[in-house]
2 protein chains.
Amino acid sequence: MDKSICPRFEKAMGFLSQRWTGMIIYQLLSGPQRFCTIESSIGVSGRVLSERLKDLENEGIVKREVFPETPVRIEYSLTDKGLALKPLMNSIEDWSQNWL
Amino acid sequence: MDKSICPRFEKAMGFLSQRWTGMIIYQLLSGPQRFCTIESSIGVSGRVLSERLKDLENEGIVKREVFPETPVRIEYSLTDKGLALKPLMNSIEDWSQNWL
DNA sequence: GTTAGTTAGTTACTTTATGTAAGTAAGTAT
DNA sequence: ATACTTACTTACATAAAGTAACTAACTAAC
């Protein structure tokens, strides 16, 4: 292994390479959303969504907010770090429109 | 499932979400390369690299060229469709520099 | 002509990640 | 006490990825 590749780039790519991570972020770009909404809109399983949201929260990309209503409402939204991924999402959109 | 998401976008994201695909493309942005070079520079296993290169070739993103030297040399390079992913890679680079 | 060396893979087997479906916890309403 | 909601978690099955040994095709050395 040569590994002359920037470790930050590798880490970012590692994140995006995890299944569903990109779609979750993309979905949250349209505003704060609850668990079941994300689940049904992108078709991810609850098991993996739960796992990914925890990872994204730990990474400071997603914020979790609890509203003690009835039944409880929990909203997930993007932090500044998460919102900063918008240009990246646009790049994907552009490429997909032009080449797929 | 609501699935109001653009299917082209989903397909593009599906590609990038496969492990190693992004790194392979990134690596090929620095020029045509042979199998063993890609393998050692990004640390992917031969088994998966072989699989990914086939997928990328089928998708028209990567081109495979055989040079009947001794021992045989096989070079992988990006097509126009593959080169068009450069802005996307730059977006990832930018984000990783600013936020990681 | 048999052994060794090269690249580009493939195969068999193990470990990890993901999908699926049922179950739990906390709260309210009936 | 039973049912209903959301937000998870758990147990189990399947799919994807890692590892290491092996093959194919060719050349060069012994």
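The sequence lines fix the lettering, A, B, ..., with proteins before strands; numbering per chain opens at 1.
- An OP1 or OP2 oxygen of dG19(C) is reached within less than 4.0 angstrom by a side-chain nitrogen or oxygen of Trp20(A).
- Closest to the side chain of Phe35(A), from the set dC8(D), dG18(D), dA8(C), is dC8(D).
- Here the P atom of nucleotide dA17(D) and the CD1 atom of Ile24(B) are 10 Å apart, to the nearest Å.
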Which letters describe nucleotides 25-30 of chain D, given B = protein heavy atom under 4.0 Å from base, S = only from sugar-phosphate, - = neither?
-SS---
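- Taking both residues in full, the closest heavy atoms of Ile38(A) and Gln33(A) are given as CG1-CB, 4.0 Å, listed atom of the first, atom of the second, then distance.
- Whole-Å rounding puts the Phe15(B) CZ to dA16(D) P distance at 14 Å.
- Between the CG atom of Leu53(A) and the P atom of dT18(C) there is a distance of 14 Å, rounded to whole Å.
- Of the inter-residue distances, the one linking Ile92(B) atom CD1 with Leu16(B) atom CG reads 6.5 Å to the nearest 0.5 angstrom.
- If Ser17(A) and Gly46(B) are placed on DNA chain C by their nearest nucleotide, the residue sitting closer to the 5' end is Gly46(B).
- Leu28(A) is not connected to Phe67(A) by any chain of hydrophobic side-chain contacts under 4.5 Å among Ile, Leu, Val, Met, Phe, Trp and Tyr, and they are in different clusters.
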Would you sort out whether Glu75(B) and Arg73(B) count as a salt bridge (charged side-chain N to carboxylate O under 4.0 Å, His left out), showing the intermediate values?
CA-CA 7 Å; Glu75(B) 278 195 351; Arg73(B) 179 165 57 101; 2.8 Å; yes
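- Among dG18(D), dT10(C), dC8(D), the nucleotide with an atom closest to any side-chain atom of Ser50(B) is dT10(C).
- Between dT6(D) and Tyr76(A), no contact under 4.0 Å exists linking OP1 or OP2 to a side-chain N or O.
- Contact annotation for Arg34(B): backbone-only contact, meaning every heavy-atom pair under 4.0 Å involves sugar-phosphate atoms and none involves a base.
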Could you please spell out the steps behind the side-chain contact (heavy atoms from CB on, under 4.5 Å) verdict for Lys86(A) and Leu78(A)?
CA-CA 10 Å; Lys86(A) 189 165 187 192; Leu78(A) 294 174; over 6 Å; no
Might you work through the side-chain contact (heavy atoms from CB on, under 4.5 Å) test for Met23(B) and Gln27(B), ending with a clear yes or no?
CA-CA 6 Å; Met23(B) 290 306 288; Gln27(B) 187 62 24; over 6 Å; no
Please walk me through it: do Glu59(A) and Arg52(A) pass salt bridge (charged side-chain N to carboxylate O under 4.0 Å, His left out)?
CA-CA 10 Å; Glu59(A) 200 58 33; Arg52(A) 289 293 183 277; over 6 Å; no
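- Here Lys54(A) does not reach the OP1 or OP2 of dA7(D): none of its side-chain N or O atoms lies under 4.0 Å away.
- For the pair Gln18(B) CD and dA17(C) P, the computed distance is 16 Å after rounding to whole Å.
- Residue Arg52(A) has no polar side-chain atom (N or O) positioned under 4.0 Å from OP1 or OP2 of dC8(D).
- Axis angle, first five pairs versus last five pairs of the helix from dG1(C)-dC30(D) to dT30(C)-dA1(D): 30°, rounded to 10°.
- Taking all atoms of both residues into account, the shortest heavy-atom contact from Val62(A) to Tyr76(A) is CG1-CD2, 4.0 Å.
- Across the protein-nucleic acid pair, Arg73(B) atom CZ and dA24(D) atom P stand 25 Å apart, rounded to whole Å.
- Between Phe15(B) and Leu56(B), the shortest heavy-atom contact is CE2-CD2, 4.1 Å.
- Residues Gln97(B) and Cys6(A) come closest through the heavy atom pair NE2-SG, 3.5 Å.
- Across dC8(D), dA17(D), dT18(C), the shortest atom-to-atom separation from the side chain of Arg19(A) is found for dT18(C).
- For dA17(D), its base sits under 3.5 Å from the side chain of Arg47(B) at one donor and acceptor pair at least.
- Rounded to an integer number of Å, the gap from Leu49(B) CG to dA16(D) P is 18 Å.
- If you take CD of Glu39(A) and P of dA21(C), they are 13 Å apart, rounded to a whole angstrom.
- Within the nucleic acid shown, Phe67(B) has no heavy atom closer than 4.0 Å to any nucleic acid atom.
- Atom-to-atom, CD1 of Ile42(B) to P of dG18(D) comes out at 10 Å; the value is rounded to the nearest Å.
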